[in-house]
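Heads up, the thing below is written out as structure tokens.
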Amino acid sequence: YRHEIEADIKPFEGLLLGLFFTAIGMSLDLKMLFASPLRIAALVVMFVAVKAIVLYAVGRVSGLAARPARRLAGSLSQGGEFAFVLFGAGAAASVLTAEQAALGVVLVTLSMMATPAVLYLERQLFKPEAATQPVYDALPESDQHVIIAGLGRFGQIVSRVLRARKIPITALDIDSEHIESVRKFGVSIYFGDARRLEILEAAQTGKAKAFVLAIDDVEASLRTAELVRQHFPHVPVYARARNRNHVHRLMDLGVVVTRRETFASALELTQDVLRGLGFTDAEATRSVRTFRAQDEKRLIEGYAHYNDEEKLRVTALATAEELERQFAADAADLAVAEGAALPAPKRAAVREAAE
């Protein structure tokens, strides 16, 4: 029930958090702030500076570069909201005087308000260095070729078949170590990021006969598909998909031909398992073929509500029941077909048992 409970209490989280900070704001001693503004400003600066220096040191020791360490220090330089609770508890227990607790509340509140200014100051004092773009390979002039984006275990199989059929390909990948490894086997592969429009244009995507999207990373795959469909809509895209959700998101972008990366191999292994369990070749093949047809039908029908987890769950249960009925009907049909070669009395008995 965890998800249901979280959904029920989520609206109260923001409400109670707002109530908490409203109460803190109402308890802020403005008289103290106006009575000695310079003293309080100095204390806030000292508090933020000391905490920022400590956090920067922690970031550097932990392996962060200078800029991320500065951003860490600026983002967390303010006091935490739990300090309000501690000040109240300290005053109630007479550990702190009322004046000290009020001063602490003022300092923490102002340090929170100062955080955007601290981050802005960091950006102004330390301009971000221009990101150095990797030097991609010069791509060849091609025409009527096939582009393969991602030459991992999936893309390599596609490329081997196409090369054997003398079909020109342009393979792109961004893993330099992988590229060097593949090149040792005589494969023409280029270092280039298919998520960048200039790389797609350099690969002559507009002149390609097909675009094979075999990138392993889901988000990178979707970004590449979006670019190809937007700028080269006439080029057919054949995409590898990680799972059903990936397929549906590709369909959102207009990609029609998709193949789930482990689906076919899982079906082949299932067929081998059925044979090993004593099913005939015909029974194993028919079972896998029936499941594949129904699963692909469900994949298309599920696109309309693929973001609705409850509907997907209900559909999956209904599909499982339908598949069981289909297997039972197939078994009956197969029994009748096999009984057709028997003598008439036995054939009638088989038909009656199947029904």
Side-chain angles (χ1 to χ4, degrees), residues 134-218 220-243 246-247 249-251 253-269 271-272 285 288-289 292-293 296 299:
V135 181
Y136 295 119
D137 291 335
L139 299 176
E141 290 287 337
S142 302
D143 192 9
Q144 300 298 300
H145 59 301
V146 174
I147 298 175
I148 303 178
L151 207 65
R153 64 186 189 277
F154 194 98
Q156 286 184 45
I157 295 174
V158 178
S159 70
R160 287 165 60 187
V161 175
L162 296 181
R163 288 170 57 213
R165 298 294 299 178
K166 305 299 182 183
I167 298 174
I169 66 171
T170 299
L172 302 173
D173 206 295
I174 58 172
D175 188 337
S176 56
E177 294 183 2
H178 175 66
I179 290 173
E180 293 303 320
S181 175
V182 171
R183 280 176 176 171
K184 294 177 182 178
F185 296 91
V187 179
S188 297
I189 179 173
Y190 302 94
F191 178 52
D193 189 350
R195 295 171 297 179
R196 300 175 63 88
L197 179 59
E198 59 267 30
I199 298 297
L200 295 178
E201 291 174 341
Q204 308 290 313
T205 304
K207 299 179 182 179
K209 296 182 68 176
F211 190 97
V212 178
L213 184 56
I215 298 176
D216 179 65
D217 183 80
V218 173
S221 168
L222 293 169
R223 171 60 180 160
T224 304
E226 182 181 13
L227 278 177
V228 175
R229 295 296 301 152
Q230 180 180 354
H231 296 278
F232 313 100
H234 62 285
V235 179
V237 178
Y238 302 85
R240 159 203 187 175
R242 174 73 61 83
N243 48 37
H246 190 189
V247 172
R249 294 174 69 184
L250 287 168
M251 292 171 67
L253 299 172
V255 178
V256 178
V257 183
T258 59
R259 289 293 181 269
R260 285 166 282 171
E261 57 188 26
T262 59
F263 186 64
S265 56
L267 289 181
E268 290 180 3
L269 182 63
Q271 195 165 335
D272 292 336
T285 301
V288 170
R289 187 182 298 129
R292 179 167 194 160
E296 291 178 349
L299 181 67

Checklist line | Exam field: side chain T258 to backbone V247, donor-acceptor pair closer than 3.5 Å | finding: no
Item checked: Main-chain N/O of E201 paired with H231 side-chain donor or acceptor, under 3.5 Å -> no
Note to self: Under the rule for side chain to side chain contact (heavy atoms under 4.5 Å, CB included), what residues qualify as partners of L253, not counting sequence neighbours?
What the structure shows: L222, A225, E226
Next item on the list: Could you pull out the closest heavy-atom pair between V235 and T205, with the gap in Å?
Entry: CG2-O, 3.2 Å
Check: What distance do L227 atom CG and L197 atom CG have between them, rounded to the nearest 0.5 Å?
Finding: 6.0 Å
Next item on the list: Apply side chain to side chain contact (heavy atoms under 4.5 Å, CB included) to F263 and R292, showing your working.
Entry: CA-CA 9 Å; F263 186 64; R292 179 167 194 160; 4.0 Å; yes
Next item on the list: Using the test side chain to side chain contact (heavy atoms under 4.5 Å, CB included), find all partners of D272 that sit at least two apart in sequence or belong to another chain.
Entry: R275
Next item on the list: Find the distance between CZ (F154) and CD1 (I215) and round it off to the nearest 0.5 Å.
Entry: 12.5 Å
Next item on the list: Starting at CG of L200, measure out to CZ of R196 and round the result to the nearest 0.5 Å.
Entry: 10.5 Å
Notebook entry, point to check: What is the distance from atom CG of L213 to atom CD1 of I148, rounded to the nearest 0.5 Å?
Noted result: 11.5 Å
Check: For I167 and K209, what are the C-alpha separation, side-chain angles and deciding distance, and is it a side chain to side chain contact (heavy atoms under 4.5 Å, CB included)?
Finding: CA-CA 10 Å; I167 298 174; K209 296 182 68 176; over 6 Å; no
Notebook entry, point to check: Say you draw a straight line from OH of Y190 to CD1 of I179; how long is it, rounded to the nearest 0.5 Å?
Noted result: 11.5 Å
Next item on the list: Considering non-hydrogen atoms only, spot the tightest contact between A149 and F211 and give its length.
Entry: CB-CZ, 3.8 Å
Checklist line | Evaluation steps, side chain to side chain contact (heavy atoms under 4.5 Å, CB included), between L267 and Q271 | finding: CA-CA 6 Å; L267 289 181; Q271 195 165 335; over 6 Å; no
Next item on the list: Considering non-hydrogen atoms only, spot the tightest contact between R240 and S221 and give its length.
Entry: O-OG, 4.4 Å
Margin query: Distance check, rounded to the nearest 0.5 Å: L162 atom CG versus I157 atom CD1?
Written below: 12.0 Å
Check: Is it true that a side-chain atom of T224 and a backbone atom of A220 form a donor plus acceptor pair closer than 3.5 Å?
Finding: yes
Notebook entry, point to check: So which pairs with a foot in residues 164-175 pass salt bridge (charged side-chain N to carboxylate O under 4.0 Å, His left out), sequence neighbours left out?
Noted result: none
Notebook entry, point to check: Going by heavy atoms in the side chains, are S159 and L151 under 4.5 Å from each other?
Noted result: yes
Check: Thinking salt bridges, do R242 and D216 make one under a 4.0 Å N-O criterion?
Finding: yes
